[in-house]
Amino acid sequence: FYLAPLASPYRTLYVSPEVERVFGLPTDIHVTDPEFRRSLIHPADRDFVEPEYLRLLSQGQSFNAEYRCALKDDRVIWLCEKAEIVRDEATGMDYARGMLMDIDMFKHPEVPLRKSLQAWRQALDTIENMIIISDGNGLVHQFNNSAMLFFEQWWRKKRPQHCWELLYGEKRPEMCGRCREGFKNKDAIQFRNQFIRGRYFDVGVFQLKDEHGEQEALVHVLSDVTE
């Protein structure tokens, strides 16, 4: 997870601690070096990633791309980056809020499945925001630790369970409809200030697609905004 000013979206203002695990470098280098995040994009992919990233954000659209990342230890890994524009209501300033996911395990199927799944779960558990992963029909399959601690008492009562039913305690077909409509034009949608189980959350929903561009899973990211 990162936050950057929209006027200069590669000048990172904040990165979450799990970024250190992905890149093997302290998080402060992302903030102190304004070109660091851009420099990580593999030279062969930079020509299409950077212009598309800047173009979409300048038009107020969300960004979603998979590309290679050249690390300082000469390793090359695959990342999935999703970014959207958020506004600070207090200042009126717009920011680029993005998520970087290590998808290298999915690009290299020869990696043993057990090892891949373990690495994926460990990566999710380092994220402070709540993460819920469902299939394309909305049935919940996986949580990170933060989400499990919060939703465990409701999850134990019924399995399998639809994501919106888990969040709101009741079926919400209108939310499914809003997701379907939103995903026709973009890969990420956001629901702001949702009252969920006694607290308020901003909820971002991201599509994960297979190599044919078909929806494979949905990632729900919950940010607690309760005052």
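All values below come from the heavy atoms of this structure, side chains included, with hydrogens, waters and symmetry mates left out.
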Donor-acceptor side-chain pairing of Y168 and Q194 below 3.5 angstrom: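 Yes, side-chain donor-acceptor contact under 3.5 Å.
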For [X] versus [Y], what's the shortest heavy-atom pair and its separation?
X: Y200; Y: D224; value: O-OD1, 3.2 Å
X: V221; Y: M99; value: CG2-CE, 3.5 Å
X: S62; Y: A188; value: OG-O, 4.2 Å
X: R197; Y: G169; value: NH2-CA, 3.3 Å
X: Q61; Y: I85; value: N-CD1, 4.5 Å
X: A147; Y: I132; value: CB-CG1, 4.0 Å

Do [X] and [Y] have side-chain heavy atoms sitting under 4.5 Å apart?
X: Q190; Y: E84; result: yes
X: W154; Y: L166; result: yes
X: W164; Y: C179; result: yes
X: I133; Y: F206; result: no
X: F191; Y: M175; result: yes
X: H220; Y: S134; result: yes
X: F195; Y: L167; result: no
X: V203; Y: V205; result: yes

Ring center gap for F48 and Y53 short of 6.0 angstrom: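 Ring-ring flag for F48/Y53: false, centres at least 6.0 Å apart.
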CA sep, side-chain torsions, deciding dist, call: M130, F151, side chain to side chain contact (heavy atoms under 4.5 Å, CB included): CA-CA 10 Å; M130 298 184 198; F151 289 103; 3.8 Å; yes
Determine yes or no for a side-chain-to-main-chain donor-acceptor pair under 3.5 angstrom, with [X] supplying the side chain and [Y] the backbone.
X: D135; Y: L139; answer: yes
X: R46; Y: S39; answer: yes
X: N64; Y: K82; answer: no
X: N144; Y: N129; answer: yes
X: D202; Y: N193; answer: yes

Candidate pair Y67 and L40, rule side chain to side chain contact (heavy atoms under 4.5 Å, CB included), full reasoning: CA-CA 10 Å; Y67 58 86; L40 290 171; over 6 Å; no
Qualifying residues under side-chain contact (heavy atoms from CB on, under 4.5 Å), relative to E174, sequence neighbours excluded: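 Only R172 meet the side-chain contact (heavy atoms from CB on, under 4.5 Å) criterion with E174.
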Salt-bridge present (E52, R55; N to O < 4.0 Å):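 A salt bridge links E52 with R55.
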V76 vs H42, side chain to side chain contact (heavy atoms under 4.5 Å, CB included): CA-CA, chis, key distance, verdict: CA-CA 8 Å; V76 175; H42 193 284; 4.1 Å; yes
Ring geometry between F201 and F150 (parallel below 30°, tilted from 30 to 60°, perpendicular above 60°):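 Judged by the thresholds at 30° and 60°, the geometry between F150 and F201 is perpendicular.
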Joint hydrophobic cluster, I196 plus V225, side-chain heavy atoms closer than 4.5 Å: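 No, I196 and V225 fall in different hydrophobic clusters.
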